[in-house]
Amino acid sequence: MRAVAGEAPASGLLAGLNSPQQEAVTHGDGPLLILAGPGSGKTRVITRRIAWLVLERGVRPGEILAITFTNKAAGEMRDRVLAMLPSRGLWIGTFHGMCARILRSEIELLNGPESTGTGAYTRDFTIYDTSDRNELIRKLLKEANYDAARFKPSMVGAWISAWKNQARGAGVQEAQPEDGEGIEHEVLVRVRRLYEAAMRANNALDFDDLLLKVLELFEHRPGVRDAYASRFRHVLVDEYQDTNRVQYLLTRHLSSFHGNLAVCGDPDQSIYAWRGADIRNILDFERDFGAAAVVRLEQNYRSTGNILAAAQAVIQRNRARKEKRIWTSAAEGPKVAVLRSSDENEEARAIAEEIRGRIAAGRSPDEFAVFYRVNFMQRAIESAMRLAGVPYQVVGGLEFYARREIRDLIAYLKLVVNPSDEIAFRRAVNTPQRGVGEKSLDAIARWAADRRTSLLAAARSEEGLALVRGRARAGLAAFAGLMERLAPLADAPAAVAMAQLVDEIDYAAWMAQMDDESGVDREANVEELLAHAAEYDRRAEAAPGEDRAAGGLRGFLQDVALVSDVDGMEEGAPRATLMTLHSAKGLEFPTVFIAGVEEELLPHVRSLIEAEGPDPDAGVEEERRLFYVGITRAKERLVLTHARTRLHFGQESFRSPSRFLAELPPGVVEGGGTDEDPDEEEPGEEEVLGAYEPGPVSVQLKVGDRVEHDHFGRGTVERLQGSGVNARATVRFVSAGERQLLLQYARLRRLGEGGR
DNA sequence: AAATCCGCGTTTTTT
DNA sequence: ACGCGGATTT
């Protein structure tokens, strides 16, 4: 297949690509920036490029590093590359996955020469998720006698994390732009110190540490950095607009040897500023990496004309933006539907019913997706789907791995692999109950801390055990004995370890006893966990050393820590997908519903509050990008829904339609009031809907327009807020100053360009 | 040390 | 409304 006319493989790789796409695929050496609009075939370009490098440039797969944003994206990319070539040795994964892998072999280099034995990192380190982190911080705060009410662990943790994301050290000198809300800077600095020390003692790393430690490694050990940098002849980073400072620096290091860095992204889809993503990384790429080639992918192959027009109109409202034109040659397709319901259950029901109807008409369930801004909206939608009999799956959200029984078992396994893990110890030691209470734990914890050893070691030693009496002592001894027996499992395959653990601690009995009416199928969850472990083993077997660290229990635990959304489970019948707008990035579906397109929900309240700072609109603009991301996932049909009232904190709250609805161009929108209960509707409400319907003046107003008012005279539109009844414009009048006007009442006339 | 009760915050978004 | 952590009982 390769012999024909030399060019054959290349033309195969380039088949069906437009010219900028081809340019990106066949870019040779040096930095490359791919600005890729939604649906522009970005993934295709990246995967083809990898194949092209291997097949045409003779690059070995092991010399290529491809970094994606999520595990899901990584898996997809791997599959697609695998379909084109044997990609053995290729590194594809997230920043976190890659760093964990590097640290598995290099972390011991981070222990200073003086550190001896205890308090040192080993390759068996465990990864703490956010709740592990918070638990540890809670403990530290308590030990340091801080008021638990004032210093909430999650708050403190979030601030520490924010620091780390900006690559700030633990030094006191490094002032932060802001202290935590109501938390003094010195407190944060102190707690962070304690935290770092405790993490080291526990041989544990949190998500931020994974990146930061590798950065530290690269900076303190140029030899190590060069080893990796020279190994990777080509580095590709996807979703570059969402990288933070640390990731940027890592990228620099990794590409420092060969200089072959290709990044791909879209500033309009930057939706992670809240967790430290810095959009400047992509905006400044050309400057940072001199002489970068720039390719723009602007043709959209995904969505119909109407959907794209809606997307384009919305995103153009952002001021902080580089103009980019996305276009399509596809047909206009159906109009974008806007659906109003009386409350969140009606909304959910309307969505589920519509999906059910279309399935009945022959569509497949997996053609449908429902997006929402916040996780709590999942509930109503889920129950409506169940009621309507629509098969569905929830991506991310309330984690499988967050469940009690799952966390219990994982804690045991973590402890088996890493006996220093105090958080795991504390969790495991008393489930099932062994009569070991806090007093006893504190006693041996102090003993252990004095000797710079672990709780488990304390529980094993005569001396440590002597500190407690009675039931607690027996319990500790029993636990230590149990862990002794379990120790060999550290080197077993994940499923074997898991099964033996469940057996040893008689977890079935424990669950049965624990089963206090709540009726959750804990056993089913444990079964599922076992299945996951078995699946992991199977894959590790099939691709030894591919992307996963070690295989076995260690590898499994790492995967569990890093794969938060259960990305698998696609086997079986096709299902509709429920997820947050954030998780939706990078995906596409024939029909997309976006629920809760309401003020304070789609521009989320939190984004509205931060109305000061250098850019008061930054928050809303990020929300708008999020909306844009959601819209552009739809291939054929887009339905936007909102409710008039919604249960919030257990009580009814009245909602108004999102300002974003008013930004949709008149021509592409269909419907508006499809209330299930027309009787309830107050007369005249239809006009209110007009605020985002084609027609009334409000949709035609833009910031900057010159307008005339009967009473106030001429002025300029400064801001537009609200929608529906609440649609308001702030207008600066020539002689009457700044006024807020309710568009429903104010009769504003727009003046032609130049003020006719 | 375990069981029960009470009050409060929760709801951005994820690796 | 609900779950969790903390306080209060037993």
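Proteins come first, then strands; the chains are lettered A, B, ... in the order of their sequence lines, and each starts at number 1.
- Comparing atom distances between the A:Val374 side chain and each of C:dC2, B:dT13, B:dT15 picks out B:dT13 as nearest.
- Legend: residues meeting side chain to side chain contact (heavy atoms under 4.5 Å, CB included) with A:Asn345, ordered by chain and number and at least two apart, are A:Asp343, A:Ala380.
- A straight line from CG of A:Leu212 to C1' of B:dT15 spans 14 Å, rounded to a whole angstrom.
- At B:dA1, one or more side-chain N or O atoms of A:Ser440 fall inside 4.0 Å of OP1 or OP2 (strictly under the cut-off).
- Atom CZ of A:Arg469 and atom C1' of B:dA1 are 14 Å apart (whole Å).
- In this structure, the NZ atom of A:Lys439 is 13 Å from the P atom of B:dA2, given to the nearest Å.
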Identify all side-chain donor-acceptor contacts of residues 136-144 of chain A below 3.5 Å with residues at least two apart in sequence or on another chain.
residue, atom, partner, partner atom, Å
A:Lys139, NZ, A:Glu143, OE2, 3.4
A:Lys139, NZ, A:Glu422, OE1, 3.1
A:Lys139, NZ, A:Glu422, OE2, 2.8
A:Lys142, NZ, A:Glu438, OE2, 2.5

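- The closest donor-acceptor contact from the side chain of A:Asp268 to the backbone of A:Arg321 lies at 3.5 Å or more, if one exists at all.
- Residues A:Tyr248 and A:Tyr240 place their aromatic rings such that the two centres sit no closer than 6.0 Å.
- Annotation: salt bridge (charged side-chain N to carboxylate O under 4.0 Å, His left out) contacts involving residues 620-632 of chain A, sequence neighbours excluded, comprise A:Arg373-A:Glu623, A:Glu622-A:Arg625, A:Arg624-A:Glu663.
- Taking only side-chain atoms of A:Arg471, from C-beta outward, the nucleotide of B:dA1, B:dT14, B:dT11 with the closest atom is B:dA1.
- Tested against A:Asp206, the residues A:Arg192, A:Arg200, A:Lys164 include a single salt bridge (charged side-chain N to carboxylate O under 4.0 Å, His left out) partner, A:Lys164.
- At whole-Å resolution of the value, CD1 in A:Ile381 and P in B:dT11 are 17 Å apart.
- Taking 4.0 angstrom as the limit, A:Asn430 places a side-chain polar atom (N or O) nearer than this to OP1 or OP2 of B:dA2.
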Collect all protein-nucleotide pairs involving nucleotides 3-10 of chain B in which both atoms are nitrogen or oxygen and the distance is under 3.5 Å.
residue, atom, partner, partner atom, Å
B:dT10, OP1, A:Lys152, NZ, 3.1

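- Using a 4.0 Å cutoff on non-hydrogen atoms, the parts of residues 263-275 of chain A near DNA chain B are A:Tyr272, A:Trp274, A:Arg275, ordered by number.
- Residue A:Thr126 forms a side chain to side chain contact (heavy atoms under 4.5 Å, CB included) with just one option from A:Ile423, A:Asp421, A:Ile410, and that option is A:Asp421.
- What separates CG of A:Asp206 from C1' of B:dT14 is a distance of 14 Å, to the nearest Å.
- Between the CD atom of A:Glu135 and the P atom of C:dG6 there is a distance of 10 Å, rounded to whole Å.
- Dashed line: the shortest gap from a side-chain N or O of A:Thr130 to OP1 or OP2 of B:dT14 is not under 4.0 Å.
- Protein atom CG of A:Leu626 is 13 Å distant from nucleotide atom C1' of B:dT14, rounded to whole Å.
- When distances run from any side-chain atom of A:Asn375 to the nucleotides B:dT11, B:dT15, B:dT14, the shortest one goes to B:dT14.
- Distances shorter than 4.0 Å separate some side-chain N or O of A:Ser583 from OP1 or OP2 on B:dT14.
- Considering A:Glu346, A:Glu600, A:Glu652, A:Glu598 in turn, A:Glu598 is the only one that fulfils the salt bridge (charged side-chain N to carboxylate O under 4.0 Å, His left out) rule with A:Arg646.
- Contacts of A:Ala576 classified as side chain to side chain contact (heavy atoms under 4.5 Å, CB included), with partners at least two apart in sequence or in another chain: A:Phe368, A:Met385, A:Val390, A:Tyr392.
- The pair A:Arg104-A:Asp124 fails the salt-bridge criterion, with no side-chain N (NZ, NE, NH1 or NH2) lying under 4.0 Å from an Asp/Glu carboxylate O.
- For the pair A:Phe69 CZ and B:dT13 P, the interatomic distance rounds to 15 Å; values are reported in whole Å.
- For A:Phe376, the side-chain atoms get nearest to B:dT11 when compared with the rest of C:dG6, B:dT11, B:dT15.
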